[in-house]
Peer 1: 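Have a look at this one before I ask anything.
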2 protein chains.
Amino acid sequence: MAYYGAIEAGGTKFCCAIGNEHGEIVEEWIIPTEHPEKTLQTLIPFFRKHAIEALGVGSFGPICVQKDDPFYGYIMNTPKAEWKHYPFIPELEKQLGVPVSFTTDVNAAALGELTKGAAKGLNSCMYITVGTGIGAGAVVKNELLHGHSHPEMGHILIRQHESDQFAGVCPAHGSCLEGLAAGPAIEKRWGKPAKELAQEESVWALEADYLAQALMQYTLILSPERIIMGGGVMKQKQLFPLIREKLAAYVNDYVDMPPLDTYIVSPGLEDKAGMTGALLLAIEAKRNV
Amino acid sequence: MAYYGAIEAGGTKFCCAIGNEHGEIVEEWIIPTEHPEKTLQTLIPFFRKHAIEALGVGSFGPICVQKDDPFYGYIMNTPKAEWKHYPFIPELEKQLGVPVSFTTDVNAAALGELTKGAAKGLNSCMYITVGTGIGAGAVVKNELLHGHSHPEMGHILIRQHESDQFAGVCPAHGSCLEGLAAGPAIEKRWGKPAKELAQEESVWALEADYLAQALMQYTLILSPERIIMGGGVMKQKQLFPLIREKLAAYVNDYVDMPPLDTYIVSPGLEDKAGMTGALLLAIEAKRNV
């Protein structure tokens, strides 16, 4: 049996796993995100012990994904000062001596869901997480969506309601989607965390409207076959029918969308989408050597 | 010498061409868009005469691009009643007996620019036309952007300025991007066609702002390596520096973009981008048989 490694690298924790060539996770563990050298020191021995064939990483960002860039595989301009410009992937490659493939955490989740989750059998999908931030990744014609860089779809502009005078919490854009609709925005606007507001209809009507506006942009620009919505805020399941209804109103039959209850869905892999995607990247990295 | 056919199918005219295997156009002609059967009757003999190996089509839409859909290759829900649900590509294939590849006019233009124009040597680009409508297409990792359907990027939502009370002209969305910023919107808002407003600074400041908002969304969602802007309205070259400046302000250094004077550019193939892309599709269709 050949083993592969996977890392879902986040700002507060690193979720790590060993999996087999079928993309099945066989062992998992979590370590806190510390100084990069210390973090690597903790995780490298574990991957070495299992003699992994390759490693896949879904990472927090921004990250440099351009293969011809001298900063390829580096964490770029992050507020986490210790990680800024850290040669994350080159270090992993050097220390492990195996191929390492990487993308954003949300792109990895989209790949996981397309291959083994809620978008299985399709050629394209989007994965959007609505939690402490808003991020989204996509697979287009079975390829991860990268271009000059990777998408940062959580920061698109939406139209703020006249009734909503909240200034937004995004340090870069104020009232962009993340600034108006991520968990911290909900908590600051309404004075309580999202999970304590479950019964407040006006909270979710506004939230669904902002997310539906974002989904309209994603639909018109990417035309995905399925949109998978995860993250802490999306645990409020009452959002799904509201988002579908508002999306239909915004699009107004201008473009053909799949039936909305199959178009806008919850993750099929629960919180394992990103890890599964990272594992699939590892398997592909070995195949391409 | 092997010959290939190309059609850029628009609502008022069909631009047709014969080209060689290097993607060079060797002969062109234009016919008016009439009843579909009449239009095909006019163009088929010309392609037959040149014994083309394959045909590529960049078409007005909406069109069905899903290969497993029974309506594959049909013109879909267009306001041009005679063309609605016309089996455009199946008819061309049947009458010509050669492989026919097709996509939207703007996707074809993006492919043309990537292969032989302003984005030559890159792996991804967007082509946006701002004229009687606003449309955009993209190539991602050297593949045309298709998903559930094709993009309709001209209809995204943008934020209208408080000083701009214009209701917008889009029948489906009112004040979407196309509704606020295409040629007919400019003419209706200001009372004159765009080309007669060249000296009016406030016209272009507003136009650049709306287009920069759209480019921010495209950048954050698709992360293209280059954005090519064509169409009648973009003949107002003073728009380019204004758009670049406003895009930089909106993005606010949140994501890395290429240097803006190489990121936002005019077409390299002038008005031949779509035709060149269609010809390249024909060559590829033959290769894939």
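All values derive from a computational prediction rather than experimental measurement. Here is how names work: the chains are called A, B, and so on, in the same order as the sequence lines, proteins then strands, and each is numbered from 1.
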Peer 1: Residues of residues 241-254 of chain A under 4.5 Å from chain B (heavy atom pairs)?
Peer 2: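 Against chain B, the residues of residues 241-254 of chain A that fall inside the cut-off (heavy atoms, under 4.5 Å) are A:Tyr250, A:Val251, A:Asn252, A:Tyr254.
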Peer 1: How long is the straight-line distance from OH of B:Tyr218 back to CG of A:Leu220, given to the nearest 0.5 Å?
Peer 2: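 It is 9.0 Å, given to the nearest 0.5 Å.
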Peer 1: Need one label for B:Cys125: side chain, backbone, both or neither, based on atoms under 4.5 Å from any heavy atom in chain A.
Peer 2: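 It is neither, since no heavy atom gets under 4.5 Å.
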Peer 1: Picking from A:Val255, A:Leu122, A:Asp256, which has the most non-hydrogen pairs under 4.5 angstrom with chain B?
Peer 2: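 Most pairs with chain B among the choices: A:Asp256.
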Peer 1: Counting only non-hydrogen atoms closer than 4.5 Å, does B:Met76 touch chain A with its backbone (N, CA, C, O), its side chain (CB onward), both, or neither?
Peer 2: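 For B:Met76, neither part sits under 4.5 Å from chain A.
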Peer 1: Find the one option among B:Arg226, B:Gln66, B:His173, B:Glu225 whose heavy-atom pairs under 4.5 Å with chain A are most numerous.
Peer 2: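 Heavy-atom pairs under 4.5 Å are most numerous for B:His173.
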Peer 1: Determine the option with the most heavy-atom pairs under 4.5 angstrom with chain A, choosing from B:Pro171, B:Ala136, B:Ala172, B:Ser124.
Peer 2: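 Top option by heavy-atom pairs under 4.5 Å: B:Ala172.
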Peer 1: Heavy-atom cut-off 4.5 Å, strictly under: side chain, backbone, both or neither for B:Asn123 against chain A?
Peer 2: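 Neither part; nothing is under 4.5 Å.
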Peer 1: In terms of heavy-atom pairs under 4.5 Å, which option from A:Gly61, A:Pro258, A:Pro224 contacts chain B the most?
Peer 2: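 Winner by heavy-atom pair count: A:Pro258.
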Peer 1: Would the number of heavy atoms belonging to other residues, nucleotides or ligands and lying under 6.0 Å from NZ of A:Lys80 be above 12?
Peer 2: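 Count over threshold, so yes.
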Peer 1: Tabulate, in ascending numerical order, the residues of residues 138-169 of chain A having at least one heavy atom closer than 4.5 Å to a heavy atom of chain B, or enter 'none'.
Peer 2: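 Residues of residues 138-169 of chain A touching chain B at under 4.5 Å: A:Val140, A:Lys141, A:Glu143, A:Leu144, A:Leu145, A:His146, A:Gly147, A:His148, A:Ser149, A:His150, A:Pro151, A:Glu152, A:Met153, A:His155, A:Ile156, A:Leu157, A:Ile158, A:Arg159.
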Peer 1: Check each atom of A:Cys176 against the heavy atoms of chain B and say whether the ones under 4.5 Å are side chain, backbone, both or neither.
Peer 2: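 Just the backbone, heavy atoms under 4.5 Å.
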